[in-house]
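Below: one structure, written as structure tokens.
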Protein chains: 2
Amino acid sequence: MATGPMATVRDVAAMARVSISTVSRALSAPDMVNEVTRQRVIDAARELDYRPNPAARGLRVGKTNNLGLLIPDLENPFFASVTKGVQSRARAAGYAVFVADSDEDPAQEIELIGNLATQVDGIILASPRAPSQDILDATAGKTVVMLNREVGDIPSITIDNADGVLQAVSHLRALGHRTIAYASGPVHSWSGEERRKGMVAVAEQFPDLTVVQLGNFRPYFSGGYPAADIAVASSATAVIAYNDLMALGIIDRLRQRGISVPDDMSVVGFDDVPVASLVSPALTTIQIPLAGLGRRGVDLLVERLEGAVDVTTRSEVPVELIIRNSTSVPAASPAASTP
Amino acid sequence: MATGPMATVRDVAAMARVSISTVSRALSAPDMVNEVTRQRVIDAARELDYRPNPAARGLRVGKTNNLGLLIPDLENPFFASVTKGVQSRARAAGYAVFVADSDEDPAQEIELIGNLATQVDGIILASPRAPSQDILDATAGKTVVMLNREVGDIPSITIDNADGVLQAVSHLRALGHRTIAYASGPVHSWSGEERRKGMVAVAEQFPDLTVVQLGNFRPYFSGGYPAADIAVASSATAVIAYNDLMALGIIDRLRQRGISVPDDMSVVGFDDVPVASLVSPALTTIQIPLAGLGRRGVDLLVERLEGAVDVTTRSEVPVELIIRNSTSVPAASPAASTP
DNA sequence: ATGAAAGCGCTAACAG
DNA sequence: CTGTTAGCGCTTTCAT
């Protein structure tokens with residue numbers, strides 16, 4: 001760093017009275033060097049608090065041992081959790097991670113991919129917002145894995161959106177709901193589209209159900225307000241939101257209008273971000289193992305970096321319905337019998 | 001990166017038919033090179049999508065242009081926001097940032113400081129948990145700035161905790177509260193101690209007030225439960241929590257026990273994390289400019305890195321009371337007149 | 001088992 | 001204005 005001049009191989013070599021190559025070996029190839037010499041080097045290294053300069057090593061070896069993580073917004077608890085998972089797994093695997101926040105800006109994303117690429121061995125793209133073609137161009141020739149989205153042949157880890165929607169609907173249906181609303185996320189959201197399609201599929205699967213599409217809303221708390229109003233205007237007794245943040249907004253708006261959740265309206269979220277369990281009513285939601293998603297992303301990336309070329313390129317993580325207090329039997333439902 | 005072999009100065013030099021030093025100059029020293037040659041280099045560089053290898057440059061120049069950020073927990077919205085601020089400002093200043101999450105583990109912190117130090121020009125320590133002496137040792141000779149804590153002579157940016165507490169108490173007092181409880185954070189928390197001391201000072205300042213110290217609680221949602229129970233057992237009509245998360249827990253526990261907030265008990269948080277405005281009742285809290293804290297941290301660090309040695313070493317950012325819906329006049333207060 | 005030397009990609013003297 | 005050269009700290013042949 002700035003003040004204390006870092007010790008280099010040369011310093012250690014001098015103190016241990018060996019050549020610099022012996023220092024290098026003693027520290028990495030445990031057994032290519034005489035036991036006693038090695039100890040001398042180790043001691044000198046410790047004494048000087050010597051740490052190999054990663055940049056220098058990287059330059060020589062052609063590998064930085066750094067990973068890049070690109071996310072749309074750190075203040076979105078979804079990505080905070082994913083980042084946390086990436087962080088810890090990367091460290092365990094011996095990588096440091098550059099985190100870049102694109103602020104939901106597709107253009108920034110593309111630029112950041114280029115920046116990151118100069119300093120890392122591989123990049124994790126979490127829910128990138130940019131158009132597929134732009135991503136394809138920007139990542140050409142780079143080692144990249146994608147989280148929560150699929151584009152082209154880029155290795156990816158996604159979540160089982162269809163099953164999530166199915167679980168949510170099944171839950172609601174079992175409670176007695178027959179008209180269920182769905183509040184979509186942004187039009188261009190990949191996972192949003194997946195979930196919307198899932199809703200359509202589920203609707204076909206249950207002929208006794210009426211599924212009403214409320215429209216597209218911003219995937220934040222604020223997006224829940226218009227969604228709630230439209231839901232109320234519909235005949236739905238339950239609403240599934242694109243994500244937890246939106247679900248929270250829906251609940252808040254409902255409360256403002258004197259509509260009780262879950263008594264008058266059931267609400268289901270998606271993601272199970274940490275805050276979902278801290279609000280009241282606690283949110284029934286589809287749990288995505290967010291930190292796990294991050295960890296698996298690192299695993300996949302590291303595999304491609306160090307291992308075989310043809311490892312599995314796409315996988316999907318399961319989701320699980322977490323029933324809390326924002327769902328119950330519909331107000332005047334015949335199925336509303338509490339044993 | 002992995003597949004596409006990155007172009008180097010040499011490639012660009014070849015294509016532009018100049019020497020490598022001319023390439024280097026054309027790209028950094030705009031006017032040390034002939035206009036037309038320069039353009040040839042620029043073109044070649046663009047053609048090859050050339051990007052100087054930061055590691056190589058860093059090695060040569062003795063500056064990485066990377067910053068390290070160490071935080072206790074990314075899933076804590078406090079740090080997510082700080083990180084976001086650091087991120088954006090660092091990028092604007094031409095730095096990439098390594099983010100390291102210590103998982104609230106003091107030992108990890110010390111180790112991570114050492115790891116980070118090998119790859120960065122400077123480090124930002126956000127609310128480190130380790131003992132002062134350990135931090136002093138680990139950062140000796142390194143360029144470091146600290147956020148939300150002071151130790152030794154390390155340059156720091158803190159917040160005006162005393163004023164925050166004062167604003168909270170004044171607000172409550174104005175509403176008519178006369179017995180106010182304070183739920184402290186962890187014993188070893190620096191800011192926790194600052195706020196506790198602030199409460200004591202405020203208590204002395206207002207002779208008509210009774211301040212009851214509830215004890216020390218975990219600075220999370222869960223810590224709010226015991227705090228709430230003790231608050232209820234006391235005669236306080238309002239409680240100020242160490243932070244927003246704890247305040248949320250207090251409110252939740254109060255609700256469980258059928259105690260209405262703010263009607264039966266007022267609650268004030270601290271930090272104004274994003275979720276504070278999304279819950280119901282929306283939390284009255286002391287707002288800390290969290291992202292701003294991160295940005296100022298970068299500014300201070302970069303100043304020390306690039307500028308004079310004796311820039312201001314300690315500063316404090318102001319806080320502001322945000323009045324929302326978790327506070328009101330006390331239940332049976334004589335001051336309870338709504339005009 | 002150890003040392004000498006080359007070279008990763010880059011910038012900064014130092015010539016010219 | 002431009003080219004040659006050295007060297008940042010490290011690992012890795014290649015000798016010995």
Side-chain angles (χ1 to χ4, degrees), chain A residues 1-2 4-42 44-45 48-66 94 96 115 117-121, chain B residues 1-2 4-42 44-45 48-66 94 96 115 117-121:
Chain A
M1 306 252 311
M6 285 265 170
T8 77
V9 254
R10 235 170 291 278
D11 301 321
V12 179
M15 173 171 287
R17 303 195 307 153
V18 293
S19 73
I20 62 168
S21 22
T22 298
V23 172
S24 178
R25 279 189 287 251
L27 265 29
S28 47
D31 35 47
M32 274 185 63
V33 53
N34 180 291
E35 172 58 25
V36 34
T37 335
R38 191 173 62 92
Q39 196 53 52
R40 239 181 30 245
V41 173
I42 303 278
L48 297 170
D49 190 32
Y50 168 73
R51 322 251 186 156
N53 179 329
R57 167 188 279 140
L59 202 53
R60 179 64 237 249
V61 180
K63 185 174 188 310
T64 63
N65 265 292
N66 291 149
N115 291 349
T118 61
Q119 320 210 53
V120 303
D121 298 328
Chain B
M1 308 254 311
M6 287 263 170
T8 78
V9 253
R10 235 170 291 278
D11 301 322
V12 180
M15 173 171 284
R17 303 195 307 154
V18 294
S19 74
I20 61 170
S21 28
T22 298
V23 172
S24 178
R25 279 189 288 252
L27 265 29
S28 46
D31 34 49
M32 277 184 63
V33 51
N34 180 293
E35 173 57 27
V36 32
T37 337
R38 193 173 62 93
Q39 196 51 54
R40 240 183 26 248
V41 173
I42 304 276
L48 297 169
D49 190 31
Y50 167 73
R51 322 251 186 155
N53 178 329
R57 167 188 278 140
L59 202 54
R60 178 65 238 247
V61 180
K63 184 172 188 314
T64 63
N65 266 294
N66 291 148
N115 291 348
T118 62
Q119 321 210 54
V120 304
D121 297 328

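Given the structure is predicted, the values throughout are model-derived calculations rather than measurements. So that the names make sense, note that chain A is the first sequence line, chain B the second, and so on, each numbered from 1.
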**Request:** Give a yes or no answer on whether the side chain of A/Asp121 reaches the backbone of A/Lys63 with a donor-acceptor pair at less than 3.5 Å.
**Result:**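 Between the backbone of A/Lys63 and the side chain of A/Asp121 there is no qualifying donor-acceptor contact (under 3.5 Å).
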
Distance, rounded to the nearest Å, where [X] contributes [atom1] and [N] contributes [atom2]:
X: B/Lys63; N: D/dG9; atom1: NZ; atom2: P; result: 17 Å
X: A/Asp31; N: C/dA1; atom1: CG; atom2: C1'; result: 12 Å
X: B/Arg10; N: D/dG3; atom1: CZ; atom2: P; result: 14 Å
X: A/Asn65; N: D/dC10; atom1: CG; atom2: P; result: 15 Å
X: B/Gln39; N: D/dC1; atom1: CD; atom2: P; result: 16 Å
X: A/Arg25; N: D/dT11; atom1: CZ; atom2: P; result: 11 Å
X: A/Asp11; N: D/dG9; atom1: CG; atom2: P; result: 9 Å
X: A/Leu27; N: D/dT12; atom1: CG; atom2: C1'; result: 15 Å

**Side-chain donor-acceptor contact under 3.5 Å, A/Ser21 with A/Ser24** =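 No.
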
**Request:** Kindly compute the distance separating OG1 (A/Thr118) from OH (B/Tyr50), expressed to the nearest 0.5 Å.
**Result:**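 Output value for this atom pair is 10.5 Å.
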
**Prompt:** Out of curiosity, A/Gln119 CD to B/Gln119 CD, how far, rounded to the nearest 0.5 Å?
**Reply:**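 It comes to 9.5 Å.
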
**Item:** Residue closer to the 5' end of DNA chain C, A/Ile20 versus B/Ser28 (nearest nucleotide)
**Value:**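 Looking at DNA chain C, the more 5' nearest nucleotide goes with A/Ile20.
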
**Item:** Phosphate OP1/OP2 of D/dG9: any A/Thr8 side-chain N/O under 4.0 Å
**Value:**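 Indeed not, no polar side-chain atom of A/Thr8 lies that close.
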
**Request:** Indicate yes or no: at least one non-hydrogen side-chain atom of A/Asn34 is less than 4.5 angstrom from one of A/Thr22.
**Result:**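 The answer is no, as the side chains (C-beta and beyond) never meet within the 4.5 Å cut-off.
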
**Item:** Any B/Ile42 side-chain heavy atom under 4.5 Å of B/Leu27 side chain
**Value:**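 SC-SC contact between B/Ile42 and B/Leu27 confirmed.
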
**Message:** Looking at the base of C/dA1, is there any donor atom on it, or on the side chain of A/Thr22, that sits under 3.5 Å from an acceptor on the other one?
**Reply:**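 No pair found.
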
**Message:** On the side chain of B/Ser21, is there an atom forming a donor-acceptor pair with the base of D/dT4 - under 3.5 Å, no angle test?
**Reply:**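 Check passes, donor-acceptor contact within cut-off.
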
**Request:** Go through the structure and list residues passing side-chain contact (heavy atoms from CB on, under 4.5 Å) with A/Arg10, not counting sequence neighbours.
**Result:**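 A/Thr8, A/Ile20.
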
**Prompt:** Which parts of residues 48-60 of chain A get close to DNA chain C, meaning a heavy atom less than 4.0 angstrom away?
**Reply:**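 Within this stretch, A/Leu59, A/Arg60 sit under 4.0 Å of the strand.
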
**Asked** How would you label the contact of A/Thr37 with the nucleic acid (heavy atoms, under 4.0 Å): base, sugar-phosphate, or nothing?
**Response**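 Counting heavy atoms under 4.0 Å across all strands, the contact made by A/Thr37 is with sugar-phosphate only.
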
